[in-house]
Amino acid sequence: MRKTSTTVLGIYDVFLAMGAIWLGVQMITSSNGTFFADPYPDSWVSNLPFDSWIMPGILGIVLFGFGNLIAAVLSFKKEQKSSWYASAVMGTIFLFGLAFQYIAVGEMYIVNGPFLIIGMVQLCLSGYVFWSYRKGHNLNRRCH
């Protein structure tokens with residue numbers, strides 16, 4: 001059970017990493033962010049501390065892309081009992097980022113709903129992996 005839940009968490013982390021890298025590349029490569037920013041109102045850019053979508057794209061790739069890749073690698077390593085921790089940290093940072101965006105922009109947009117769900121799923125999976133390790137640890141203590 002522990003191995004399966006850890007593998008599921010690792011696959012989810014890879015999925016999140018690929019999505020963050022893909023979105024980050026979209027932000028960076030679009031001409032002045034117009035292709036990426038089409039569904040978003042101009043008020044977003046004026047309320048954020050950035051002139052274009054390039055810096056958020058770089059942050060997305062580095063922080064969420066590489067961060068979730070690291071969390072995935074930890075999940076796939078054998079005997080890595082704290083793999084849940086890196087994923088939980090990434091999920092928490094993501095949710096705080098959504099909160100910061102809401103505070104900075106002052107509005108919620110349609111993408112916030114799925115992003116909120118994605119972050120919550122990551123935290124729930126991390127908690128489940130933690131719980132499965134904890135439960136296994138308690139079973140091992142009783143047997144000895």
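By the rule that hydrophobic residues join a cluster once side-chain heavy atoms approach within less than 4.5 Å of another member, Phe100 and Ile58 end up as members of separate clusters. Leu23 and Phe96 sit in two unconnected hydrophobic clusters of ILVMFWY residues. Membership requires side-chain heavy atoms under 4.5 Å apart, directly or through other members. Residues Val8 and Met90 share a single hydrophobic cluster, defined by chaining ILVMFWY side chains whose heavy atoms lie under 4.5 Å apart.
Taking CD1 of Ile61 as the reference point, atom CG of Leu69 lies at 11.5 Å (rounded to 0.5 Å). A distance of 11.5 Å separates CD1 of Ile117 from SG of Cys124, quoted to the nearest 0.5 Å. Interatomic distance, CH2 of Trp131 versus OG of Ser5, reported as 9.5 Å (0.5 Å rounding). How far CD1 of Ile11 is from CZ of Phe76: 5.0 Å, rounded to the nearest 0.5 Å.
Partners of Asp13 by side-chain hydrogen bond (donor to acceptor under 3.5 Å, both in side chains), not counting sequence neighbours, listed by chain and number: Ser87, Gln122. With sequence neighbours excluded, the residues that form a side chain to side chain contact (heavy atoms under 4.5 Å, CB included) with Ile70 are Leu74. The side chain to side chain contact (heavy atoms under 4.5 Å, CB included) search around Ile118 returns Tyr12, Leu16, Phe115, not counting sequence neighbours. Listed by chain and number, the residues in a side chain to side chain contact (heavy atoms under 4.5 Å, CB included) with Ile93 are Leu63, Phe64, Val89 (sequence neighbours excluded). Remark: Leu95 pairs with Leu98, Leu116, Met120, Leu123 by the side chain to side chain contact (heavy atoms under 4.5 Å, CB included) rule, at least two apart or across chains.
Across Ile21 and Gly65, no two heavy atoms sit closer than the pair CG1-CA, 3.8 Å. Contact between Val14 and Ala72 at its shortest, heavy atoms only, is CG2-CB, 3.5 Å.
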Pair Met18-Trp22, side chain to side chain contact (heavy atoms under 4.5 Å, CB included): steps then yes or no: CA-CA 6 Å; Met18 291 172 58; Trp22 181 77; over 6 Å; no
